[in-house]
There are 2 protein chains.
Amino acid sequence: MSTPEVNELSYNFQKLRWVKRIITLAAGTIIWHLPVPWDITPDAWQLFTIFITAIIGVLLEAFSIFTASVIALIAVVLLRVLTPEQAYSGFSESFILLILAAFLVAKGVMKSGLGRRIAFLLIRRFGRSTLNLGYCLVVTDTILGPSIPSNTARSGIMYPITHALSLDTGSLPTAEGRKRTGTYLMMTYIAGQTISSALWLTGMAGNPIGVGIAAQFGVNMNFGNWVFVASVPCIVALIAIPFVLYKLFPPESKYTPEAPEMARKGLQEMGPMSTQEWIMGITFMGMILLWAFSSLLNINLAIVAFLGLTILILANVYTIGDIRDGAGDALETYVWFAILYMISTQLNDMGFMKILGAQIATYFSDYNWVTVYILLTILYIVIHYLFVSQTAHLLALYAVFLQVAVNAEVPVALMAFMLSFATNLFAAITPQASSSNILFVGSGFLPSRDIYKQGAVITVLNTVIFLLATPWILWASSL
Amino acid sequence: MSTPEVNELSYNFQKLRWVKRIITLAAGTIIWHLPVPWDITPDAWQLFTIFITAIIGVLLEAFSIFTASVIALIAVVLLRVLTPEQAYSGFSESFILLILAAFLVAKGVMKSGLGRRIAFLLIRRFGRSTLNLGYCLVVTDTILGPSIPSNTARSGIMYPITHALSLDTGSLPTAEGRKRTGTYLMMTYIAGQTISSALWLTGMAGNPIGVGIAAQFGVNMNFGNWVFVASVPCIVALIAIPFVLYKLFPPESKYTPEAPEMARKGLQEMGPMSTQEWIMGITFMGMILLWAFSSLLNINLAIVAFLGLTILILANVYTIGDIRDGAGDALETYVWFAILYMISTQLNDMGFMKILGAQIATYFSDYNWVTVYILLTILYIVIHYLFVSQTAHLLALYAVFLQVAVNAEVPVALMAFMLSFATNLFAAITPQASSSNILFVGSGFLPSRDIYKQGAVITVLNTVIFLLATPWILWASSL
């Protein structure tokens, strides 16, 4: 393509972007001035407007998620919706720092060569098809599920491996290069996490909180009955997800019969594990152990990641120089996620989520219990578009929805289990829907818009599978 | 040098580093187990131990300031000295985010070419000698002093210019390259800031707080009498600082009579200002204006920097890609400063600083007032080794020290002005002594150890000049 053409394209792209930016701004202005419904406070409505405008901006690709978030931060402070202290609070959230530190450790895994080695080992065994690799990621995460009860920490383990797999199957984090395998593998992983988190009571940090709330409604959930109730729909979903993504959003590179041989050669060239790889591997195993026993030892998850990072720095596996020259993406991710998380949390604290959920839920009270059950489930899932944390969503709406269900005579155990599962099923609905997505969003392999599109498909798929499994859930939860 | 020799050197360096690391750890262990003096709480003593051990580690060059800080963070949480929430609180501090955003804007100034152009203009006019350029920086900052009352914001303005000046006079942020001009120019700037902040009541954000405390002791300070009292010692110090640094820590490149000619050519090659430079310049001027009127408009300083950053991103002057590929150093700086600031703040909140200051100050009560005045001044300055913020220091110790002075019959106005000035004079004593240093520390031109060494010299120089000016301060403050 000749240069004038490129310039022309780039100019049109820029012009289009400004049109989209003006549309976003106009949408925000209109929402801002709408009459405030129910007893939502004006402050909460303004904050909601800023949040939803930022999301619109990202969806329209008027702004990158970083720019949209920073603009939202500026708006929140300049329009005096929140104090600067409130507006900056996300930056000191423990699990947001976990993501930051895990991001840096992941870079150490890559740099040491260990990520490449693990990727080669997986490709040698499963690399004949990209679909196989997708299943391989999902299964690995599901096996890690019960022992690493933070899905964010789990994504810290699996991200560098997924990243290396993408690179070593010839994908690159560019507009064209990621279509080869990267987007597919990354999306399959975060979609698979919705199920690996739903399958185990200890698969996601918020699950036990739901158990506590359910107990107040007389529902007994424990590790054993949870996995039993979850098993049937989860196994179906685990089988379906990699396949559905593969069919609907196929990776450009599907079959690579030569890949295992290439991986074998790659491993030969790498030779035996280097000192750096050993240090990295032992550090990584130590982190996995500490994460697995973190609640027993009462260790903060982020500190485990900082500890791993420090060992890598002290041992010269990953250096200060590497941070200076190559950790700008970690900063970018950290900033936008801290801001969006803060806005969602503040909206929640202002009662916005609760009022919204309760108001919509009350419309259902006239229907029979099956309809109420289905509508509540769908509503609980769809409303996650507004949330930036699974646990916050659960804390805001689980009890409210469960109460509405009880009033409509939905079997309480069925609804409780369904809401607990749903708290995981929606985790891929937006880039920010779960903190476990964030490393993958920051990779460059998974554009925001793809997550919105493919995440919607996965969420619908999950919802349908679990709703169809209702008879099983009803029966199994009654034992 | 042949490769084996390099390896040998690198090996010895590494071995030496580990010896230093063991010494640091041993020192920390000993301090941890010392009997706790006075009525300091065990928690506060443990936190102090962690802080001072980190500082020892940096001074010995056992660790980089980043690594030392992260280890301190881990120790603070794992040893249960603070909760994770307390330990992470620094990350959401408003002015720490100001530094982060200003760091990114500074990169925009460089990338747009505007930094280079301003540097060339300065070199064309003053570039015959490096000493001249040093004076040029100090004078510029002094002129900005009254209108930009945050020295941190001021450093956000001057950092990109100082950075460009260093690069365009042939310096590089490497162990050898920085000796040419970079270290000298950067150190001269932060040393000069101690005085540009002391000269004006509005030169540093904490100054008006001191005025408020002094008023409770019956001392009237206002913009006019402040600058009058400060004028004589400040002018002497402003003249002395660039010269003393030049003599004691000379830049390798002193006279470059060809520099103005090179700059003229450079400007010719750059041609007229590009669109990017115009956007950058207008944004920058807007930021300066908003900073200058921030208290009038009640605008958060960090938001001004985020606003500037957003404009640059929207206008494609500085892009998300630039952040991803080149902002790792901003992240590094942000992390270590947030941690050290948090520890110092927590130490302060635990009463450690107050007890320490008060206990030492009481030893002076038997001396005559001149001795008490001199000792209090020196002690107030030296104790800043433990602080990571000028304002926190002032809040913790200003009133205590003023009270001790009054008890010993030191003229109260003299002591009040001296403590107010001292709150600025110590700002270059450590890398973290003032938030206005942090951008410069992050530049790569100014190693921590150089700041400790040269900062000590500057602090002694400042102290001597101001103590010698006591008759003037006594007379001028009594008018």
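Model, not experiment: these values are computed from the prediction. The sequence lines fix the lettering, A, B, ..., with proteins before strands; numbering per chain opens at 1.
Note that CD1 of B:I323 and OG1 of A:T67 are 7.5 Å apart. Values are rounded to the nearest 0.5 Å. The CG atom of B:N300 sits 9.5 Å away from the OG1 atom of A:T83 when rounded to the nearest 0.5 Å. Rounded to the nearest 0.5 angstrom, A:L331 CG and B:R324 CZ are separated by 11.5 Å. Of the inter-residue distances, the one linking A:L78 atom CG with B:I303 atom CD1 reads 6.0 Å to the nearest 0.5 angstrom. Note that the CG atom of B:L309 and the CZ atom of A:F66 stand 5.5 Å from one another [nearest 0.5 Å].
Of the possible polar contacts, one joining the B:R21 side chain to the A:L314 backbone as a donor-acceptor pair under 3.5 Å is found.
Proximity to chain A involves both the backbone and the side chain of B:L307, based on heavy atoms less than 4.5 angstrom apart. Proximity to chain B involves both the backbone and the side chain of A:L73, based on heavy atoms less than 4.5 angstrom apart. Only the side chain of A:L97 has a heavy atom closer than 4.5 Å to any heavy atom of chain B. Heavy atoms closer than 4.5 Å to chain A are found in the backbone of B:S89, but not in its side chain. In this structure, chain B has heavy atoms under 4.5 Å from both the backbone and the side chain of A:A302.
Highest contact tally toward chain B, considering only A:N298, A:L297, A:V77, is held by A:N298 [criterion: heavy-atom pairs under 4.5 Å]. The greatest number of non-hydrogen atom pairs below 4.5 Å with chain B, out of A:D322, A:I320, A:N316, A:I71, is found for A:I320. Chain B forms the most heavy-atom pairs under 4.5 Å with one residue out of A:P84, A:G90, A:G321, and that residue is A:P84.
Aromatic ring orientation, B:F306 versus A:F91: parallel (interplanar angle below 30°, classes split at 30° and 60°).
Using a 4.5 Å cut-off on side-chain heavy atoms (C-beta onward), A:Y88 and B:I96 make no contact.
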